[in-house]
Participant: 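Structure below; questions to follow.
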Amino acid sequence: RLPIVVLISGSGSNLAALLTAARAADCPYEVVAVIADRDASGLAHARAEGIPTQVVRLADHPDRAAWDRTLAAAVAEARPELVVLAGFMKLVGPPMLESFGGRIVNTHPALLPSFPGAHGVRDALAHGVKITGCSVIEVDAGVDTGRILAQAAVEVLDDDTEASLHERIKAVEQPLLVDVVRRLTAVS
Ligand code: GAR
């Protein structure tokens, strides 16, 4: 099985979906480490399965460049074939791109190139779109500008709040992300 590292900042529902799918006998990947930039509650999903976790905080570093280096070193230690940003709310810097360029994917809760950035759900709702969704992309140096690998659509309902819409997006996002990660790690 190909080793993957998952980076998170939040509740880790996408991580949980990746871990659940990894239990299948035919799953081509294995989650070998989970790294967060804060005390993310989602780390519990990894700990429950005995998967090594690490927190790399920006505040523990003199500057962003130093944090970027520590993060890349922490990921490299796990020797992943693929790095998955699953609700990781920071941009990865040059050291990550140098080490893992073309092998980092990100999941985003909007139909890119619409509504990039940290508030994809809120921004789509505020704009009044009737259809939104999620995108799994390859990570490049821009903000959610990388090649689109997969997307799924979700209808916006009249009474949606950011939370209700995000919940329905996550329901389609999780299987989409699992699909892409399976595809990228499948050895032909
Ligand atoms: C996901 O919906 C993901 O697309 C989003 O954070 C959520 C994390 O949920 N990521 C971004 O907004 C990145 N800009 P989770 O912690 O439950 O997996």
Participant: Surrounding CD of E77 (heavy atoms of other residues, nucleotides or ligands, distance under 6.0 Å), is the total greater than 12?
Facilitator: no

Participant: With a 4.5 Å cut-off on side-chain heavy-atom distances among I, L, V, M, F, W and Y, is there a chain of contacts connecting V55 to V31?
Facilitator: yes

Participant: Got a salt bridge between D68 and K90, using NZ or NE/NH1/NH2 to carboxylate O under 4.0 Å?
Facilitator: no

Participant: Do side-chain atoms of S9 reach the backbone of M89 as a donor and acceptor pair under 3.5 angstrom?
Facilitator: yes

Participant: Could you tell me whether the side chain of V154 reaches within less than 4.5 Å of the side chain of I131, counting heavy atoms only?
Facilitator: no

Participant: I'd like to check I104 versus M96 (side-chain heavy atoms, cut-off strictly below 4.5 Å). Are they in contact?
Facilitator: yes

Participant: A side-chain contact here means heavy atoms from C-beta on lying under 4.5 Å apart; do E138 and R103 qualify?
Facilitator: no

Participant: Any idea which heavy atoms bring C134 and V172 closest together, and the distance?
Facilitator: SG-CG2, 3.9 Å

Participant: Looking at R1 and A24, what are the two nearest heavy atoms and their distance?
Facilitator: NH2-O, 3.0 Å

Participant: What pair of heavy atoms forms the shortest contact from H166 to V121, and how long is it?
Facilitator: CG-CG2, 3.6 Å

Participant: Is the shortest side-chain N to carboxylate O distance from D140 to R147 below 4.0 Å?
Facilitator: no

Participant: Using side-chain contact (heavy atoms from CB on, under 4.5 Å), reason through N106 and F88 one step at a time and then give a plain yes or no.
Facilitator: CA-CA 8 Å; N106 180 36; F88 190 64; 5.8 Å; no

Participant: For residues L19 and L176: do they belong to one hydrophobic cluster (side chain heavy atoms under 4.5 Å, members Ile, Leu, Val, Met, Phe, Trp, Tyr)?
Facilitator: yes

Participant: Which is it for N14 and T107 under the side chain to side chain donor-acceptor pair (under 3.5 Å) test, yes or no, and what are the steps along the way?
Facilitator: CA-CA 9 Å; N14 283 283; T107 181; 4.9 Å; no

Participant: Donor-acceptor pair, distance only, cut-off 3.5 Å: does the side chain of H127 make one with the backbone of S114?
Facilitator: no

Participant: Check step by step if side-chain contact (heavy atoms from CB on, under 4.5 Å) holds for L58 and R64.
Facilitator: CA-CA 7 Å; L58 182 54; R64 183 80 183 209; 4.1 Å; yes

Participant: Side-chain contact test, heavy atoms from C-beta onward, threshold under 4.5 Å: evaluate it for V75 versus I35 and give yes or no.
Facilitator: yes

Participant: Judged by atom type as modelled, is there a donor-acceptor pair below 3.5 Å linking the side chain of T145 to the main-chain atoms of A141?
Facilitator: no

Participant: Taking side chain as C-beta onward, heavy atoms only, is I8 less than 4.5 Å from L43?
Facilitator: yes

Participant: Closest approach of T132 and A110, non-hydrogen atoms and distance?
Facilitator: OG1-CA, 3.9 Å

Participant: Heavy-atom distance under 4.5 Å between the side chains of Y29 and I4, does that happen here?
Facilitator: yes

Participant: Does CG in D26 sit with more than 12 non-hydrogen atoms of other residues, nucleotides or ligands closer than 6.0 Å?
Facilitator: yes

Participant: Can L85 be reached from V5 by stepping across I, L, V, M, F, W or Y side chains whose heavy atoms are under 4.5 Å apart?
Facilitator: yes

Participant: Would you say D144's side chain and G117's backbone share a donor-acceptor pair under 3.5 angstrom?
Facilitator: yes

Participant: Under 4.0 Å between a side-chain nitrogen and a carboxylate oxygen: does that hold for R23 and E49?
Facilitator: yes

Participant: Using only atom types and a distance under 3.5 Å, with no angle test, would you say the side chain of S164 pairs donor to acceptor with the backbone of D160?
Facilitator: no

Participant: Same cluster or not: V105 versus L7, using hydrophobic residues (I, L, V, M, F, W, Y) connected whenever any side-chain heavy atoms lie under 4.5 Å apart?
Facilitator: no

Participant: Looking at E155, is its backbone amide N or carbonyl O close enough to the side chain of R168 to form a donor-acceptor pair, meaning the two atoms are under 3.5 Å apart?
Facilitator: yes

Participant: Are the side chains of V139 and V92 in touch, meaning some heavy atoms are under 4.5 Å apart?
Facilitator: yes

Participant: In Å and rounded to the nearest 0.5 Å, what is the OG1 to NE2 distance from T20 to H45?
Facilitator: 8.5 Å

Participant: Evaluate side-chain contact (heavy atoms from CB on, under 4.5 Å) for Q174 paired with L18, printing each intermediate quantity in order.
Facilitator: CA-CA 8 Å; Q174 292 155 13; L18 287 165; over 6 Å; no

Participant: Test your reading of the model: is there a side-chain donor-acceptor pair from S135 to the backbone of L112, 3.5 Å cut-off?
Facilitator: yes

Participant: Please give me the minimum heavy-atom distance between P80 and V83, naming the atom from each residue.
Facilitator: CG-CG2, 4.0 Å

Participant: Hydrophobic cluster membership, with links at side-chain heavy-atom distances under 4.5 Å among I/L/V/M/F/W/Y: are F100 and V32 in one?
Facilitator: yes

Participant: In Å and rounded to the nearest 0.5 Å, what is the OG1 to CZ distance from T161 to R122?
Facilitator: 12.0 Å

Participant: Passes side-chain contact (heavy atoms from CB on, under 4.5 Å), I137 versus H108? Steps please.
Facilitator: CA-CA 8 Å; I137 62 168; H108 182 76; 5.7 Å; no

Participant: Please report the closest heavy-atom contact between I169 and P109, naming both atoms and the distance.
Facilitator: CD1-O, 3.9 Å

Participant: By the definition side chain to side chain contact (heavy atoms under 4.5 Å, CB included), identify the one residue from D179, L177, V178, L184 that meets it with V181.
Facilitator: L177

Participant: Just do the side chain to side chain donor-acceptor pair (under 3.5 Å) check on E81 and T185 with the steps written out, would you?
Facilitator: CA-CA 8 Å; E81 284 294 327; T185 52; over 6 Å; no

Participant: Compare all side-chain heavy atoms of L97 with those of P94 and state whether any distance is below 4.5 angstrom.
Facilitator: no

Participant: Donor-acceptor check, side chain of D123 to backbone of G120, threshold 3.5 angstrom: yes or no?
Facilitator: no

